[in-house]
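Have a look at the structure below, then the notes.
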Amino acid sequence: MRTMWKGAIGFGLVSVPVRLYAATQEHGVKLHQVHDADGGRIHLKRVCDLCSEEVDFEHIAKGYEDDEGHVAVVTKEEMTGLPLPSKRLIDVLAFVDAESIDPLQLSGAYYLAPESPAANKPYVLLRETLKQTERVAVTKIALRTRESLALLRVHDELLTLHTMYWPDEVRDSGDLAPPSSVTVRPQELKMATSLMDTLSEDFDLDALEDEYEVALAELISAHLEDRPAPKKETAPAPDNVIDLMAALQASIDRAAERGETGDRKEEPAGRRSRGAAKKTAAKKATAERKPAKATAQSAAKKTDRSSSSSGRSGKGTTAKKSAAAGKTAAKTTKKAAARKSSRAS
């Protein structure tokens, strides 16, 4: 990281040489002003209102105009010569409890690192003292050409600096808050707490992203590749006030459904493959059972037909045997009768 400022933290007679680094950075797609007809870049020129001439940057100074139109011109040399006691010093004014600082006053954030190995000892001393006392330091620092309040606190194992607005730079909220006559019932508070708990389950701040910047990048990519621009709709803001309890309950139900849907969407691949395998095996078994069943039914029908045909053939054979036996008995009877009649004669 690039060093933005070099100086020292001073509290009492103790001095801690430090370097200042930017702790945050804004991301995003950089857009330029262009001519919509041909895409040519638009360049801004610094033109003087009085002489209508373009002015080089080296001849540009600072000015202040009063209510009567008088202009006070302040040159860069005069600005540089102004006394700034905190130009190279983070001057500690007081150590206070962290809760006493209104977050509205906080602005930019910076890391503070020891300037040299010799600064490690006093650096760690200040850091550990702030940790044990659970306090923060209110300081003053001059960045570039402006002096501002700053808050010195501990973040992990580093000292961090937050520039602050001066007390008179924070606007009075006035009567923006709802009137004190508006109250809520304990049941409503309980439902709101339940909704907060539901929405806070498995929340991961690091997983959030700037959806607008993603959509803007996709739009630019579509233009560069000469394809239709993607269309994305924004959910409209609710324009009506409905029953508070019903809205809270509906919000809880919706949050719970989203959580369950998210769990199903994030189902492990192994589990999904096992489920698909089970479904495939079940279909295969069903398909195998169908022809087996048909084969068994066909075999049963054949058996029935053979049984019936054998039954019919058995009946015919028995009848033939009975007729033959009857004929043989008749012949035997006739022969016996002929024998008796011959003996009698």
Side-chain angles (χ1 to χ4, degrees), residues 1-5 20-80 103-111 142-148 162-166 169-174 176 199 203-241 251 254 258 261-262 265:
M1 287 187 286
R2 184 176 63 89
T3 302
M4 296 185 59
W5 182 90
L20 190 74
Y21 303 89
T24 59
Q25 61 180 2
E26 293 186 0
H27 61 81
V29 181
K30 293 183 179 180
L31 300 177
H32 307 287
Q33 290 184 338
V34 297
H35 187 192
D36 60 356
D38 53 17
R41 288 285 298 273
I42 303 297
H43 297 278
L44 303 179
K45 296 182 179 181
R46 302 177 180 90
V47 179
C48 177
D49 288 341
L50 297 180
C51 63
S52 300
E53 293 182 0
E54 186 176 353
V55 181
D56 294 334
F57 187 77
E58 60 181 352
H59 294 295
I60 294 178
K62 302 291 183 179
Y64 175 81
E65 184 176 356
D66 62 9
D67 296 337
E68 297 179 358
H70 301 118
V71 179
V73 179
V74 182
T75 64
K76 294 179 181 178
E77 291 75 13
E78 291 174 331
M79 293 284 291
T80 306
L104 283 176
Q105 288 187 257
L106 301 182
S107 181
Y110 303 90
Y111 291 136
L143 295 176
R144 300 179 180 89
T145 59
R146 182 180 178 184
E147 186 178 60
S148 65
H162 298 264
T163 53
M164 299 174 62
Y165 296 104
W166 296 93
E169 291 180 324
V170 179
R171 294 179 176 178
D172 184 9
S173 61
L176 298 179
L199 293 175
F203 175 73
D204 185 9
L205 183 61
D206 294 333
L208 300 181
E209 63 177 2
D210 191 341
E211 296 181 3
Y212 175 81
E213 291 297 331
V214 172
L216 179 59
E218 292 177 356
L219 177 62
I220 293 175
S221 177
H223 282 294
L224 293 176
E225 296 175 2
D226 194 19
R227 54 185 173 85
K231 294 182 179 180
K232 296 194 176 183
E233 299 180 356
T234 302
D239 57 355
N240 60 336
V241 179
S251 300
R254 181 180 298 178
R258 287 179 179 176
T261 304
K265 287 182 179 179

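- We find the CE-CG distance between Met164 and Leu104 to be 10.5 Å, quoted to the nearest 0.5 Å.
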* Val71 and Tyr64: CA distance, side-chain angles, deciding distance, side-chain contact (heavy atoms from CB on, under 4.5 Å) verdict -> CA-CA 5 Å; Val71 179; Tyr64 175 81; over 6 Å; no
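- The 12-atom threshold is not exceeded at CG of Asp49, counting heavy atoms of other residues, nucleotides or ligands nearer than 6.0 Å.
- If you take OG1 on Thr75 and CD1 on Ile60, they are separated by 14.0 Å, rounding to the nearest 0.5 Å.
- A side-chain donor-acceptor contact under 3.5 Å links Thr163 to the backbone of Gly108.
- Closest approach of Val55 to Cys48, counting heavy atoms only: CG2-CB, 4.0 Å.
- Formation of a donor-acceptor pair under 3.5 Å by the Gln105 side chain with backbone atoms of Tyr165 is found in this model.
- Counting all heavy atoms, side chain and backbone alike, Ala229 lies closest to Ala222 at CA-CB, 4.0 Å.
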Please output the side-chain donor-acceptor pairs of residues 23-46 that fall under 3.5 Å, not counting sequence neighbours, one pair per line with the distance.
residue	atom	partner	partner atom	Å
His35	ND1	Asp38	OD1	3.2
Asp38	OD1	Gly40	N	3.0

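- Remark: Glu211 CD is loosely packed, at most 12 non-hydrogen atoms of other residues, nucleotides or ligands lying under 6.0 Å away.
- Residue Arg227 qualifies as enclosed at atom CZ: its count of foreign heavy atoms under 6.0 Å is above 12.
- Looking at every heavy atom in both residues, Asp210 comes nearest to Glu213 through OD2-CG, 3.0 Å.
- Around NZ of Lys76, the count of heavy atoms belonging to other residues, nucleotides or ligands within 6.0 Å exceeds 12.
- The two atoms that bring Met1 and Tyr111 nearest to each other are CE-CD1, 4.1 Å, heavy atoms only.
- Taking CG of Leu208 as the start and CZ of Phe203 as the end, the distance is 4.5 Å to the nearest 0.5 Å.
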